[in-house]
Each structure stands twice: as structure tokens, then as C-alpha cells.
*Asks:* 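The following block contains the structure, expressed as C-alpha cells.
Letters A, B, ... are given to chains in the order of the sequence lines, protein chains preceding strands, and every chain is numbered from 1. When reading the values below, keep in mind they use all heavy atoms of this one structure, side chains included, and skip hydrogens, waters and symmetry mates. Being a predicted model, the structure only gives us computed values, none of them experimental.
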Amino acid sequence: MHFDPVANMQLLVSGLAFGSIYALVALGFVLIYNAVGVVNFAQGEFVMFPSYIAVTFLLPAITVFGTVVHWQLPIVGVYLLVLVLMVGFGLLFNRIAYHPLRDRGWMPVVISTIGVSIFLRNAAQMIWGSQPIVMPSLFAVDTISVGPLHIRPQDLLIIGVTAVLIAFQFFLFERTTLGKQMRATAQDRATARLVGVRVGRIVAITFVYSALLGTISGLLVAPLFTVTKEMGALIALKAFAASIVGGFGSIPGAIVGGLAIGVIETFGGFYISSAYVDAIAFIILISVLLVRPQGLFGERVAEKA
Amino acid sequence: MRLDRKNFLATTGAVAAGAAIGFPAIVGAAPEPIRLGTIPCLTGSNALLGQQEHEGAALAVEEINARPDKVYGGRPFEIVEEDATNDNQSAVSALNKLLGENVVAIVCPVLSTQVQAMAPVMKTHEIPWMTGGTAVKNTQLGVPGMFRLRGSDGITGAGMTNFAVKDKKGKKIAILHASDAFGVGGADQIVQSLKKLGMEPVANEQYPKDAKDFTAEILKIKQAAPDVVLMYIQNPSDTAIILKQVHSLALNVPIVGSPSLGNQTAMEVAGKDAYGTYCAVDFIVGFNSNVATHFLTSFFRKYHHLPDVGTGSGWVYDAVYMLADTYKKQKGTDPKQTIASLKGIKNWDGVLGTFSADAEGNMVHSVSIGQNQDGKLHLVKKVSG
Amino acid sequence: MTSNPNVTLSGPNVTLSSSKGGASRPVAIAVLIAVLALLPAFVHSDYLLSLVDTAGIYAIVVMGLGILLGFAGQLSLAQAAFLGIGAYTSGWLTTNLGWPAWPSMGAAMMMSALVGLAVGYPCLRLSGHYLALATIGFGIITQLVLINWKSVTNGSDGMGNIPPPQIGSFVFDSYGRYYYIVLVAVLACAYVAWRIKTTRVGRALEAIRENEIAARATGIDATRYKIIAFVLAGAYAGLAGSLLAHLTKFISPDSYSFDQSVVFLVMLIVGGSASISGAILGAVLLWFLPEVLRPLKTSYIMVYGAAVVAMVVFMPRGLVGLLDTLRTRFTRRPDAA
Amino acid sequence: MSSADDVAAAASGLLEVRGLVKRFGGVTAVNALNMTVRAGDVHALIGPNGSGKTTTLNVISALYRADGGSIRFDGGELAGLPAHAIARLGVARTFQNIRLFGDLSVVENVMIGRHVRTRVGFVGALLPGGATAREERETREKAHELLRFVGLEHVAGASARSLPYGDQRRVEIARALASEPRLLLLDEPAAGMNPAETDTLVVLLRSIRERGTTLLLIEHDMNLVMSVSDRITVLNFGQHIAEGQPAEIARNPDVITAYLGGTLDAA
């Protein structure tokens, strides 16, 4: 294997694009973790479900519940529609899977999110069947060539949208009242409640925001992935890993963790072994955990006795 | 012992009604249906394959039951379907359930690992097992009554290799395959076929389950500068994504794929990215018999989409018709008799071509190489194993 | 403020379930075992027997997870990997070295226990979600090794022709016969778990689960006990893996996935995590539930997912908690006044 | 205090803390602390909030690692040993924010306290009857006896979490006593108790002392401190500012200043 600068650039772009998706989904994990202290195992379905809804309205013809429908709507309208529907989805998810269990510790919530995940995956199969579905791309060309480098515009879009969302999130958390309330809830719910934050509402908003992050990730990757009921599962697992590498609960950690896993995986697949590519990610993850159990950006939890 | 609640109610109902009017329930009842078992993977990550299997069987049964000339003794076919899901344990329990359902033949799941997991149970039952699993091993498990209605990986792998080396004049062959049993098995067959030609692959890349980014694998293959790339992949979605990335990374060499490359779903999903690629397939539209044409039209009429003929629906459709013909011919549904009859099948015309059983129960002995020309598969040549 | 006398309601015998459960308890257990032992005499369907055999084997895995999670409070999402290690140890020893099944089962148990030790030790520094992720990682790596280490595992093709156990010329080659092996194994594992739970080691594990700092300050070597829990969970899963391998006679890496580990976790939580009977009940119920739902065709997994959510929401302490509540409701009435 | 007193104290010191340092980041919580706890005494450690009392206790019981100095218990060095080893040597403790095994019953909590005085391991547990059963029985009897001692036998079967606050503190004490410690560290045992409960606690602490257990006590309730303590160490900003008998301490001007000019007239 000789060193090839073009190949390396190619790997970097692809790694960053995938890393951006991991980072976006990881942000969703981190938000929910911060707000309610649990991991949402249905986060992958937050990516998958909106993708299905989007293709349902985008394609000239699609089979829904065994009948062919022709709803082809303009792309911007569809994106907005999906986002609105996913707001409702986030609220419903909070109501069903989290709210009844909010005082029962993290384990029951984990199990209930697993249940929802099983439900949604198979509901998707019931509704849309098992055929993978292509989401139309926003771009007329699949690839642009820059010298010897071949770049997919979709990859650039993913990286760009992720950057914008990170900036937006920074603004939201640092500059707005809502963001400050979310942070207060994350840090200490009891105190937040004392100072007048409506914690229940903030938690609901967190679920909605997390669902929207999933939705955007889904809309971004669907043109590259094809829409299937499994499409969110592995992304979610890697994003979970990313959020832990970064330090659970840390937003910059989730971003750096996501990008790092994306890039390391792609390079690892090329230089070490593509058969063991998932192992590479997890070996790095476990090593990070053992050296720095709080993750790269996590704060060392003060020992309390 | 039948566990199905509906059947239980129907039976008790009939008995009660019979008793009420003073007749035994049997008299005047419709002819007893011929119960045929199927075990597709209806749920889990291979649900697509299972759905296609289900569609093929359902279509065949519907047609046969409507055609007096195909029905033996006026007895309609009835399908007893159990979900093999995605894991071996559930597949085995589905099989055990079916075996208690009084079925006369069983159509196996298309996943070879499931077939092998079921083999110990299958060995203890002498009934016809119709499989579409392509692992060479499937017909060598010592299961009496095992019949394969598709070309094995041995035939397909050799066909692809020979085409790449002899027709495309490939001197440097690269392989890209999935890490599942299908991909690994097929890649092994290709390596063996290359060895027979005194060659070794210049790259042999395996991608992990559920992978969505193939940049690393494709770039590695590109660095090996092959003349031809052979792909052995079952999942049509993977196939399509790989073709897209092969295209965007400008790996511009002839590609010869396993049947999934010529699979309807993969071709639709990959679109332009699949144009010009070759594949080894059991079936090519327009180059098969009238049976095939009929199958395609009635399939489309029923399901509003085109079938995945080879991997998915065609072989199951053929399996059901083959059983129907056999029952009619031998005037009975006795499983042992059926096994004997199936062993003697010669030049039987089905959707996937002409079937002749060999000693191991393999019924298909050749494979076609097709090329995707603007979204349609065209026959390039037929190769035998 | 004086203490509320009502809190004594449950009484030491109920909550401790150790030495003095009254005379009825051993009798009830003996009757239950007798009924279970006679089961194959009444059930002749291979389908049902195969389900029962598998349910029993899964109960063993879930009991092991119960020791780790239910007793010691350490979440592992790698039980399926340990199951795989057990299955492949057994498979490799019997098909490659020609070992008989019995010693292979022992070796499978040992092997999984050893790996449990190797994994448990570095993971001790982690807790909660971090531990969960480290074990997910271990599970995924194990599955990749099973797929890629072809010279030993035969890769994705899987390993076939694993012989059934036999005593003399009596071969355990039917579901009915194998049932007795599974029954003995389940009872033995339940006995071990019960002895652990009701003696000093179990109390130490529960102390760690409830409050690790207090447990350490009480003189409990938390590190050592957590390792014991990891090793036991590994051993249980290893035994189960081996039992499964000799039952199905074919193993392949796809059975030992993360999803399968999740299934075991759900079984435990639905059953009732800190209870042995809960682990068994959960395993049996959730293994049978999809089977019962089979007539729903493809929608059954969807219903199964919804059922899991409903069970967690409406049965906070799992099935065992629900049964306890019902029992209390029906038996406490006379002296409730 | 004369140097002769010091020598005498050192000679009979069950616990000797010398030059103990504990830092958190840039903050020095305990700074070169010296303290001698004599065998058989009730020794109180007092000081304003944030003066490093709890930190000192946590370092002694190895929940924190010391950054310097030595802690000698009965002549042996504790610094560097893990928490469970220290408990094994005979140092038990309670916690400021109660740390019971909440889901377990009261008697089980106390039985767990017997851990270091019992042996049955994993293998022993599997063998039926004999030694295991005997030890189990003894453990349970001992636990009930201790619950009687702290006045809680009637709630033995209740879950620890369900008890009122004051009772939970007594369960913690019973659990600590179950290990038959030579030194018992109590971190604000009266916190959250009403006056009646505090009175009971005083009686309890005295009877623990009569059993021959040395007590090192952190407490804010000065009535309690003055009435049960034999000696008092006063901390401020992590430093030792006075040590002596209650009466001496109550007169010490440094101590009075530390408590913001207040007087300890309660004594």
C-alpha cells in the first residue's frame, strides 16, 4: 500500500461527511442525555422514519400500505412537512416512551426506547414494504471532479449543514432564554424548577429538537444510503460511540467524537482492514474510555461521598 | 396437532354442524387442500428477500388454484407460511411448527445459513425441500429430498470468473464482497475458479455488515488497478450504494456482479450508475421461455412492481409449479413418492429456465451473463458450470 | 417522629426469601420440578418442545445477566457475544478435536468465564452508559472475529455437524430428550443464582448495586465482586451457548449480534431484574410471545415492540413484581384490617 | 497543652493523623492536619462549613486519596490502602448524606455490615448446609441484636428507603457497628433529627462508647458535641486550629473567632 495523497484527500472528505452525520445524531443523543439522563435507543429511528415520510411525498409513485400513491410535492414543501410531522413525533415519543417513566431511573427508559425502536422499524416495513427506496438528490450531478479528486456535492452539503447546525445550536444555548433554560434543566432539574423553569416543557422541547436533528440527518444521508428500515441503526450506534468518545453530555465532545470516528473509520478501513472497520472504531473507543473514562471533553465528575 | 385458532374453530364448527344435522362432518366437505409450507424471512434485515419469496409463492398458488388443468384431484393448494425472521433459532422453530402442520413439501428460506441450521431437523423428515439458497454446501448436507432451484455459487462464481478472464480478457481481477455467508461463499468460489486458471485476485475486499460508506474498499481496489472487478453481494441495497460510489470515485473498469446486480430493486435504485455493468443471473427478461413472460405479466398485474426473478420470486414460483406438476403426474402427494419423482425431473420448463435434477438435487446447471444497457438487462451469453 | 409500624408489613421472611420460607415453599418447588420433569410425557409436538428447550437455554443466559445487572447493577450488552464464545468453543472442540459433548460444555463455560474475566477487569472503571457502550463494543468485536477468523470459526458459513451429547448409547438427539439436559441445567443455574443471592456474596453484590461507596466503606472489595459477577454472567452465557450449539448442531456468527444482546436485556427487565424467577419468566415469556403472535404475520414484531413498552410502563417491577402485587392483593385481605 | 500531654496522647492514640493534605484542583481542602484520636474516646471534629471535616473523614476511610501526610491506625499506615481494606482493619463509618442500600431491607443492610466478620465465599455459598447455614444464621442473629441495640428491631423487614430520616441514620450506625469496628467515624449523625431523636442518639452514642468502640464524630449540633465528646479538634480552612477537652475548646479565642465571634455558651 503506497501513500497516495489523492486517495487520502478522498478518504478525508468521505470520513468528514460520515463523521458529520455521526456528530448530528450524537448531538441528539447528548441533548436527551443532558435533559433526562438517559440514552435514547430509538435515535436511529429518528433518522429512518422521517426519511420514509419524505420519500412518500417526494416520489412520483410509491407504495404505501400496498397501494400506489402519487403525491409528488415540491421538495421544499416536503422538507417543511417532514419537519412539522417530526415535531409531533418528538412530542408523542416523549409522552409515550419517556414521560410515564421519568421517575423510574434510566434503565426502564432505555428498555422502553428499545421497544419503540423495534416498533418503528417494523411499522416502517408494514407501511412501506421492504424495498429500499431512493431519495432524489438535490443535485443534478452526482460527482464533481476537482483535479484528480472526485467529490460528491451531497458530502459537501452534509458537512456544510452540520456546521450551520452546530453554529445554530451554539447560538441557541448561549444566547437565547430557551437555550439557557435547557442548559439549566440539563445541569440540575430540581434547581431549574425552583427558579421557575417549566422542566416538563423543556424536556418535551428537547425531544422535539432531538427528533429534528435526526430528521435533518435522515434527509441528508437518504440520497446516499437509500431509505430502508435499517438505515438508522448503525448510524445511531456509531453516534452513541461518538458521544461517549467525546464525553457524554458534552456538545463539543459529540461533534469532535463524531468527526473523529468518521475519519478514523474511513482511514482504518483503507490502511488497516475493512473487514474489521467497526472493530477499529470500538477499539479506539474502549481505549479512550480506559485512559479517560470521562471521555475527551467530559468533565471529571467530582467525587462525592 | 394444529395450533391455529381459526382452523380449530372451523373444524369444531364443521363437526358441530355435522352432528346437528346427523351427518358425519367429512361428507360433502370440499376436497382437502394440499398444504405446502414456506419459511420466508418476513421480518428482520432480510425481509425484502422474504417478501419476494412470499409474493412468488402466493402468485403461483393463486394461478394454480384457478386452473383445473394444474390442480391434482380437485385439491387446491394452501400455503402454510411461517416467518423465519432473521436468526437461526427462530428459523428452526418456524420449521418445527411447519412440520407439525401436516404439510407435504416445504419451500426453504433463501438464506443458506438458515438452511444449514435447519438441516439437522430436515434430515429426520423425508419430504421435498425446495431451496433457493446458493451455497454449494446446501445440497451436500445429507438431507434426503433437498432440491435447489437456482444455480449454486459454484456455477455462478465460475461463470463470472470465466467471463471476466476469457471474454473481458481480464489479467488483473479484483473481488469485492459482503462479509455474510453469501458474499464470502461466492468470493471463495471465485478465488477457486481463478486458481484453476492459474490466477490470483489482485485485491479481495470484504465490507462489513450494514456498511454504508465504501470509499475505503473502492479506493483500495482502485489502487490495485484491476482490469475487471467481480462483486459478490446479496443485498440489493448494498449493491446499489456500491455502484453509486464506484461511479462517483471513478473506478472505470468493467464490473461483473452476482445475481443481485441484475436484480430489479438494485437496478432501479442504482439507476444510471448500473448502466454498462455485467452480472451473472438466473434470469433475463425477454430471453426466457413463455413461462417467464407469463410470470412477469401476471406478477406485475398482481403486485404493481416487477419481481426480482432470480433471488426473489421466480424460483419459488417455479418450485410451486414443479410440485403441482409432479402431484398431477404421479397422482398423489406422498412426500417420498414426490422426492423420487423430483429426482427424475428432466427438462422441465420454468421461469428460470430448464430444470434437470442431478444426483445431489441441483436443478439448474447454467447461468446467464447479462449486461445492463440503459436500465435493461440484455443477454450476453449463457455459461454452464 | 416515630417509625411507622406499617412498614413491617412485608416481614423478614418475604423480603429475604432465604432460610425460612415456611414449609409450603419447598413443597411448591418440588411439585413444580415434578411437573416440569413430566412435561415431555404430555407434550409431543416437536415445535413446542423445541420452543421450550430454547426458552430454557435463554433463561440461563438471562439469569447470568441477572447476576451481573440485577444483583450487581452492572449493565452488559454483550451477553450474546458470550453466548457465541460458548457455542464456538463447544463447536470447535467437538468438530475439530473430536471431544465428546459433555467436556466441551464444561470447556465452553470456562472459556466464556475467562473472557468474562478479561473483559470485566478493564471495564470495572466504567459504570452506567459508559459500561454499556464498552460492552456493546466488545460484542461487536466478538462478532467480527467470529466472521473473520475463518481458520477457527469457518467464518460466515458457520459450523455444522456439532454432535449431540450422549450417555453410553443413549443419544440426546430429540427435543424431548434434550429437554432433560436443559431442565437440569436451568435448575442448577437457578440453584447457584439463588444460593448466591441469599448468602454473603449476593448481599455484597446487591450492596454494590445499591451504593458502591457505602459498600466499599463497609469492607466489600467491590472490584473483586464485580469481577465475580462478570465471570458468572460469562459462564452462564457460555453454558447456554454450548447447549444451543449441541441442540441445533449448527452455529453461525449472525446469531450472536448486538440485537440479540438487547433481546436478553429486555427479557431480564420485563421479567424483573433482581429476581431469579423473573429472569426465567422474562426469558420464557418473551421467547414465546413472538411465537404466539405468529398468526399476525409481519405485524407481530411491531406488536412485540409495543408490548415491551407497555410492559415497562405498566409493570414497574417486571412480571415478578406484578405477580407479587397480585399475590399480596389476594392473600393479604384477611389480616389487612 | 504541655508536651508531656502530647507524648501521652500519642502513646495511646488509636488514630494518628500527621501532616494530612488533600487538594481538589487548586483548592486545599485539608492542609497539614494533625490529629490524635485516643482509644476509647468520643472525639469530635468540628469547624465551620467548608472547613474540611468531611473531607478528612473521607480521606481516612479512603474514599479520597490523600495528597500528603500519614494516617496511622493502631500503629499501621492507612494511606494508600483501598477503602475495603480499611474497613477490614476496623474502621467503620456513616455518611453525612445517608448511604443505605435503599432497596434492601433494614436487616439486610445490617447483615451486609457483617461482611468483614464473615467468610463464606462463592464456593461456600454453593455448598448446602453446614458452615454456610451456621454463618448465615449467626449473621442474621447478630443483625437483629444490633437492630435491638439501636431500637429498630420492629422495622427489620421494611425496605431501608421507606424509613423516616432519623431511623435511617440509626440503621447506618447499626450497619457500621455490625463490622465490630474499633473506630467508628460518624459524619453529622444528628443532621435532620428532631430534639427527641437527638436525645436518643446521645444515649446511643454513649452506649456505643461503653461497648469499647472509639468514636470520631463530625457534628454541628454543639449541644450534642459538648455533651458526648471527650476531646474536640477544631478545623478552619482545612487547618487544625485547636484540640482539647470540650471545656478548653469552648474558651479558646481562636475557636470563637472562627465561629464568627459567636460563643459556645451552650457547653
Side-chain angles (χ1 to χ4, degrees), chain C residues 1-20 67 70-71 73 188-189 191-225 227-229 231-232 235 273-274 317, chain D residues 61-63 82-88 92-93 95 99-105 107-109 111-122 124-128 132-133 135-137 139-140 144 152 154-160 162-167 172 175-176 178-179 194 196-197:
Chain C
M1 196 163 99
T2 51
S3 57
N4 177 358
N6 286 338
V7 290
T8 55
L9 258 186
S10 49
N13 290 340
V14 175
T15 41
L16 297 175
S17 66
S18 70
S19 45
K20 316 162 209 161
I67 293 174
F71 295 3
C189 288
Y191 174 77
V192 170
W194 173 70
R195 290 294 297 185
I196 290 171
K197 187 178 163 66
T198 52
T199 56
R200 180 171 169 265
V201 177
R203 278 195 298 272
L205 294 176
E206 292 190 303
I208 293 167
R209 175 192 75 206
E210 292 291 312
N211 196 319
E212 188 171 335
I213 288 176
R216 286 180 188 274
T218 310
I220 293 166
D221 185 349
T223 310
R224 187 164 157 263
Y225 281 97
I227 290 181
I228 288 179
V231 168
L232 280 170
S273 68
R317 282 167 50 235
Chain D
S61 54
L63 297 185
H84 66 90
I86 288 169
R88 193 166 286 270
R93 66 168 295 171
F95 296 88
R99 286 179 175 274
L100 285 175
F101 308 124
D103 264 1
L104 306 183
S105 69
V107 71
E108 280 177 304
N109 269 271
M111 287 171 82
I112 290 168
R114 293 289 297 160
H115 189 83
V116 300
R117 298 286 158 231
T118 45
R119 325 235 79 64
V120 171
F122 172 63
L126 301 189
L127 306 171
T132 308
E135 190 180 280
E136 270 299 297
R137 202 166 50 239
T139 307
R140 187 174 297 273
H144 279 284
L152 289 172
H154 59 291
V155 290
S159 86
S162 68
L163 295 195
Y165 206 66
D167 288 357
E172 247 197 343
R175 179 179 73 190
S179 66
N194 61 29
E197 286 175 327

*Asks:* So, the side chain of Glu108(D) versus the backbone of Arg203(C): is there a donor-acceptor pair under 3.5 Å, distance only?
*Replies:*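 Here the side-chain-to-backbone pair does not exist.
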*Asks:* Out of Ala125(D), Ala83(D), Gly113(D), Ala160(D), return the one with the most heavy atom pairs under 4.5 angstrom to chain C.
*Replies:*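 Highest number of heavy-atom pairs under 4.5 Å: Ala125(D).
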*Asks:* Find the distance between CD (Glu212(C)) and CG (Leu63(D)) and round it off to the nearest 0.5 Å.
*Replies:* 11.0 Å
*Asks:* So, applying side chain to side chain contact (heavy atoms under 4.5 Å, CB included) with Asp221(C), which one of His115(D), His84(D), Arg88(D) is it?
*Replies:* His84(D)
*Asks:* Do Leu126(D) and Val192(C) touch side chain to side chain, with heavy atoms closer than 4.5 Å?
*Replies:* yes
*Asks:* If you count heavy-atom pairs under 4.5 Å with chain C, which of Thr139(D), Leu104(D), Thr118(D), Thr132(D) comes out on top?
*Replies:* Thr118(D)
*Asks:* Asp103(D) and Glu210(C): which non-hydrogen atoms are nearest, and at how many Å?
*Replies:* N-OE1, 2.8 Å
*Asks:* I need the minimum non-hydrogen distance between Arg200(C) and Glu135(D), along with the two atoms involved.
*Replies:* CD-OE2, 4.0 Å
*Asks:* Contact part of Arg175(D) toward chain C, heavy-atom cut-off under 4.5 Å: side chain, backbone, both or neither?
*Replies:*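 The side chain, not the backbone.
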*Asks:* Please give me the minimum heavy-atom distance between Thr199(C) and Glu136(D), naming the atom from each residue.
*Replies:* CA-OE2, 3.6 Å
*Asks:* Is there side-chain contact between Thr218(C) and Arg99(D), with at least one heavy-atom pair below 4.5 Å?
*Replies:* no
*Asks:* For residues Ala87(D) and Ala217(C), report the shortest heavy-atom separation together with the two atoms involved.
*Replies:* CB-O, 3.3 Å
*Asks:* Is it the backbone or the side chain of Ala274(C) that comes under 4.5 Å from a heavy atom of chain D, or both, or neither?
*Replies:* neither
*Asks:* Give me the atom names and distance for the closest heavy-atom approach of Ala214(C) to Phe101(D).
*Replies:*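 The pair with the smallest heavy-atom distance is CB-CE2, 3.9 Å.
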*Asks:* Below 4.5 Å, heavy-atom pairs only: which of Leu232(C), Thr223(C), Ile228(C) has the largest tally toward chain D?
*Replies:*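 Of the options given, most contacts go to Leu232(C).
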*Asks:* Given a strict heavy-atom distance threshold of 4.5 Å, which part of Ser179(D) is in contact with chain C: side chain, backbone, both, or neither?
*Replies:* neither
*Asks:* Measure distances from Ile112(D) to the heavy atoms of chain C and classify the residue's part below 4.5 Å as side chain, backbone, both or neither.
*Replies:*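 Looking at Ile112(D), backbone and side chain both touch chain C.
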*Asks:* Find the distance between CZ (Phe95(D)) and CD1 (Ile213(C)) and round it off to the nearest 0.5 Å.
*Replies:* 7.0 Å
